[in-house]
Visitor: 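Take a look at this one; I'll ask things after.
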Protein chains: 2
Amino acid sequence: MLVHASVKRPSTLGILGTLSQIHTASITTEFTYNKGLEIYGENEPADYVYQVLDGAVRSYKLLSDGRRQIGAFHLVGDVFGLENGVFHRFTAEAVIDTTVRLIKRQSLERVANADVSVARNLLTMTTSSLQHAEEHMLLLGRKSSMERVAAFLLEMDRRLNGVGLVALPMCRRDIADYLGLTLETVSRVLSKLHGIGILNFVGTNQREIMLVDRRRLAEMNV
Amino acid sequence: MLVHASVKRPSTLGILGTLSQIHTASITTEFTYNKGLEIYGENEPADYVYQVLDGAVRSYKLLSDGRRQIGAFHLVGDVFGLENGVFHRFTAEAVIDTTVRLIKRQSLERVANADVSVARNLLTMTTSSLQHAEEHMLLLGRKSSMERVAAFLLEMDRRLNGVGLVALPMCRRDIADYLGLTLETVSRVLSKLHGIGILNFVGTNQREIMLVDRRRLAEMNV
DNA sequence: CGACGGGTTGATTGTCCTCAAAGCCTGTGG
DNA sequence: CCACAGGCTTTGAGGACAATCAACCCGTCG
């Protein structure tokens with residue numbers, strides 16, 4: 001695997017496209033990370049805020065013995081690395097080859113201090129991260145392996161257009177570390193869901209999943 | 001148990017005492033909830049924001065079959081119910097008799113729209129909730145029962161003044177639902193920690209805990 | 001006193017983890 | 001074109017940790 005990151009064309013878009021209020025000359029840059037590359041590390045200075053243009057990113061924390069908890073996957077369009085603080089609280093890595101747009105945190109803060117609507121936008125994005133984390137605590141604390149996987153598939157379906165055909169960018173281990181399970185358990189549950197006719201595997205690798213019966217899947221998600 | 005809530009003296013303090021920027025005439029009110037009383041329910045309109053003046057509050061979500069995940073305990077000084085949205089995402093209940101200060105969400109938003117420093121304060125509070133949730137995902141997803149209880153005791157010690165004597169306001173079931181365990185497991189782990197000389201039970205009920213060896217406790221928290 | 005809420009402890013069960021092996025696909029190099 | 005290595009996934013067997021079910025204890029309060 002190639003292990004390097006390449007700078008692409010700089011641009012002067014509204015901040016991360018999402019904070020469209022800012023049409024001042026805030027310079028944003030594009031950057032491509034190869035699969036597996038670290039974008040930033042936990043406790044590193046949070047100098048930039050990112051948006052996924054193509055690909056997928058995992059944000060995770062590690063325990064000292066290597067146990068990993070993925071807090072979120074960031075898909076196309078998602079903003080991540082917005083810490084509202086000096087340091088990153090997660091490590092972020094490219095799940096597959098991934099292109100991001102980035103902007104200096106300082107530029108963002110400068111504008112937010114002057115413009116209330118931008119500040120409110122930062123608050124909205126932070127709140128939606130919080131909401132996701134709150135739902136995920138419920139999943140991690142109280143749901144069975146079956147319920148976790150069902151919730152995961154429905155979340156991915158929703159976020160990847162919701163057409164019932166889910167092309168997962170991440171491997172079983174990533175899914176497991178997101179759901180607080182082992183990769184074997186994830187694999188077993190998926191096999192079981194396949195066995196009872198709720199999903200089918202499409203194509204050659206096992207990452208493309210057709211949700212045959214989303215109603216029944218939703219029922220498993222309590 | 002008495003089941004009623006009583007209004008106390010209204011006051012015109014800076015918003016919740018915490019958002020001290022607001023010395024406008026934003027009316028705040030005090031209110032007392034008896035032990036076990038609901039302060040607001042999940043999905044109810046979020047008309048007020050609260051601050052604990054005395055007592056303790058639990059915020060939780062329920063699954064349809066009654067499984068409960070407590071997302072946070074709110075202790076004296078903490079602000080809660082700040083949803084930045086129209087609806088509450090948790091149910092909040094008084095763990096013990098609890099007095100809160102409250103302010104209308106609308107007043108808060110009105111000021112935040114005019115004053116960037118207030119908006120930034122809302123963002124800071126939301127960010128610190130997010131940070132707590134992120135740490136808690138790691139705990140719920142990847143830590144053993146021993147590690148969870150150790151983390152809990154250290155968190156409570158820190159938030160209740162950090163003198164090593166922890167007077168827990170909540171019962172074992174609340175702790176369990178916060179840590180993603182059963183009350184029996186919590187009890188067993190506490191007994192074990194007592195057995196190996198890390199903590200002592202003080203007084204007649206089992207809620208007052210002396211942390212004899214915080215260093216060793218911290219080591220269990222990975 | 002007796003009921004009740006809260007806590008501890010014991011016995012057993014069950015879910016998920018661990019360890020292990022094998023299959024499949026991709027890419028690489030002869 | 002084939003052989004082979006490596007990454008990823010599945011599947012099986014056995015084990016461990018926490019859940020479940022149950023009994024009992026202790027204070028408090030009516």
Side-chain angles (χ1 to χ4, degrees), chain A residues 1-3 34-36 58 63 65-69 95-97 139-150 152 167-195 199-209 220, chain B residues 1-3 34-36 58 63 65-69 95-97 139-150 152 167-195 199-209 220:
Chain A
M1 176 177 58
L2 288 175
V3 179
N34 284 72
K35 176 181 174 182
R58 56 180 172 251
L63 294 178
D65 63 355
R67 280 173 286 172
R68 184 178 68 158
Q69 180 62 43
V95 172
I96 51 178
D97 291 355
L139 179 147
L140 293 171
R142 288 302 177 213
K143 292 189 181 178
S144 70
S145 59
M146 180 63 83
E147 292 162 348
R148 291 179 201 211
V149 172
F152 172 74
L168 299 172
M170 73 289 286
C171 66
R172 298 291 187 259
R173 173 172 293 280
D174 285 343
I175 299 173
D177 285 350
Y178 179 59
L179 298 179
L181 300 170
T182 61
L183 66 93
E184 293 94 333
T185 297
V186 171
S187 178
R188 276 183 243 274
V189 172
L190 287 173
S191 294
K192 184 160 188 186
L193 289 171
H194 175 58
L199 61 80
N200 281 321
F201 294 105
V202 185
T204 169
N205 70 9
Q206 303 294 78
R207 297 199 189 173
E208 224 170 325
I209 293 177
M220 326 205 73
Chain B
M1 176 178 55
L2 289 177
V3 179
N34 283 72
K35 176 182 173 182
R58 56 179 172 252
L63 295 177
D65 62 356
R67 279 173 286 172
R68 183 177 70 158
Q69 179 62 45
V95 172
I96 51 179
D97 291 353
L139 178 147
L140 293 171
R142 288 301 179 214
K143 291 190 183 179
S144 70
S145 59
M146 180 63 84
E147 291 162 349
R148 292 178 200 212
V149 172
F152 172 74
L168 299 172
M170 72 290 285
C171 66
R172 299 290 189 259
R173 173 172 294 280
D174 285 343
I175 300 172
D177 286 350
Y178 180 58
L179 298 180
L181 299 170
T182 61
L183 66 93
E184 293 95 331
T185 297
V186 170
S187 179
R188 274 183 243 275
V189 172
L190 287 173
S191 294
K192 183 160 188 185
L193 289 172
H194 175 58
L199 59 82
N200 281 322
F201 294 105
V202 185
T204 168
N205 70 10
Q206 304 293 78
R207 298 200 188 173
E208 225 168 326
I209 293 176
M220 326 205 74

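In what follows, every chain begins at residue 1, and chains take the letters A, B, ... in the order their sequences are listed.
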Visitor: Starting at CG of B:L183 and ending at C1' of D:dA18, how long is that distance when rounded to a whole Å?
Guide: 13 Å

Visitor: Separation of B:R67 atom CZ from C:dT15 atom C1', in whole Å?
Guide: 13 Å

Visitor: Does a nitrogen or oxygen in the side chain of A:T182 sit under 4.0 Å from OP1 or OP2 of C:dC16?
Guide: no

Visitor: Could you walk me through whether A:D174 and A:R68 pass side chain to side chain contact (heavy atoms under 4.5 Å, CB included), step by step?
Guide: CA-CA 9 Å; A:D174 285 343; A:R68 184 178 68 158; 2.8 Å; yes

Visitor: Using only modelled atom types and a 3.5 angstrom limit, is any donor from either the side chain of A:E184 or the base of C:dC19 paired with an acceptor on the other?
Guide: yes

Visitor: Looking at B:R207 and C:dG7, is any side-chain donor or acceptor paired with a base atom of the opposite kind under 3.5 Å?
Guide: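 Donor-acceptor pair under 3.5 Å: no.
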
Visitor: If only side-chain N and O atoms of B:S145 are considered, is one of them under 4.0 Å from the OP1 or OP2 phosphate oxygen of D:dA18?
Guide: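 True: B:S145 side-chain N/O within range (under 4.0 Å) of D:dA18 OP1/OP2.
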
Visitor: Report the distance from atom CG of B:N205 to atom P of D:dT28, rounded to the nearest whole Å.
Guide: 9 Å

Visitor: Measure from the side-chain N and O atoms of A:D97 to the backbone N and O of A:K35, and report whether any donor-acceptor pair falls under 3.5 Å.
Guide: yes

Visitor: Calculate, to the nearest 0.5 Å, the distance between atoms CG and CD1 belonging to B:L193 and B:I209 respectively.
Guide: 9.0 Å

Visitor: How long is the gap from OG1 on A:T182 to CD1 on A:I175, to the nearest 0.5 Å?
Guide: 12.0 Å

Visitor: For A:R142 and for A:V186, find the nucleotide of DNA chain D with the closest heavy atom, then tell me which residue's nucleotide is more 5'.
Guide: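 Between the two, 5'-proximity favours A:V186.
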
Visitor: Mind checking A:L190 for me? I need base, sugar-phosphate or nothing, with any heavy atom below 4.0 Å counting as a touch.
Guide: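 Nothing: the residue A:L190, judged by heavy atoms under 4.0 Å, touches no strand.
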
Visitor: Would the number of heavy atoms belonging to other residues, nucleotides or ligands and lying under 6.0 Å from CZ of B:R67 be above 12?
Guide: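 Yes, CZ of B:R67 has more than 12 neighbouring heavy atoms, counting only those of other groups under 6.0 Å.
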
Visitor: I need the CG-P distance between B:L199 and C:dT8, as an integer number of Å.
Guide: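 After rounding, the reported distance stands at 10 Å.
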
Visitor: Taking only N and O in the side chain of B:K35, is any of them less than 4.0 Å away from OP1 or OP2 of C:dG6?
Guide: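 Looking at the OP1 and OP2 atoms of C:dG6, one of them is under 4.0 Å from a side-chain N or O of B:K35.
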
Visitor: Kindly list each side-chain donor-acceptor pair under 3.5 angstrom involving residues 200-208 of chain A, sequence neighbours excluded, with atom names and distances?
Guide:
residue : atom : partner : partner atom : Å
A:N205  : OD1  : A:R207  : N            : 3.2
A:R207  : NH1  : A:P169  : O            : 3.2

Visitor: Just to be sure I understand the geometry, which residues of residues 171-180 of chain A put a non-hydrogen atom under 4.0 Å away from DNA chain C?
Guide: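 By residue number: A:G180.
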
Visitor: Could you check how far CG of B:L181 sits from C1' of D:dT20, rounded to whole Å?
Guide: 14 Å

Visitor: In terms of heavy-atom contacts, does CE of B:M220 have more than 12 from other residues, nucleotides or ligands at under 6.0 Å?
Guide: no

Visitor: B:L193 CG to C:dT8 P: how many Å, rounded?
Guide: 12 Å

Visitor: Who pairs with B:R148 by salt bridge (charged side-chain N to carboxylate O under 4.0 Å, His left out), at least two apart in sequence or on another chain?
Guide: none

Visitor: Would you indicate, yes or no, if D:dT10 has its OP1 or OP2 atom less than 4.0 angstrom from a side-chain nitrogen or oxygen of A:S187?
Guide: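 For D:dT10, OP1 or OP2 has a side-chain N or O of A:S187 closer than 4.0 Å.
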
Visitor: Establish, with yes or no, whether the OP1 or OP2 oxygen of D:dT11 is under 4.0 angstrom from a side-chain nitrogen or oxygen of A:S191.
Guide: yes

Visitor: Looking only at side-chain N and O atoms, does B:Q206 come under 4.0 Å of OP1 or OP2 in C:dT8?
Guide: yes

Visitor: Roughly, in whole Å, what's the span from CZ in A:R188 to P in C:dA21?
Guide: 15 Å

Visitor: Rounded to whole angstrom units, what separation is found between the CZ atom of B:F201 and the C1' atom of D:dC25?
Guide: 15 Å

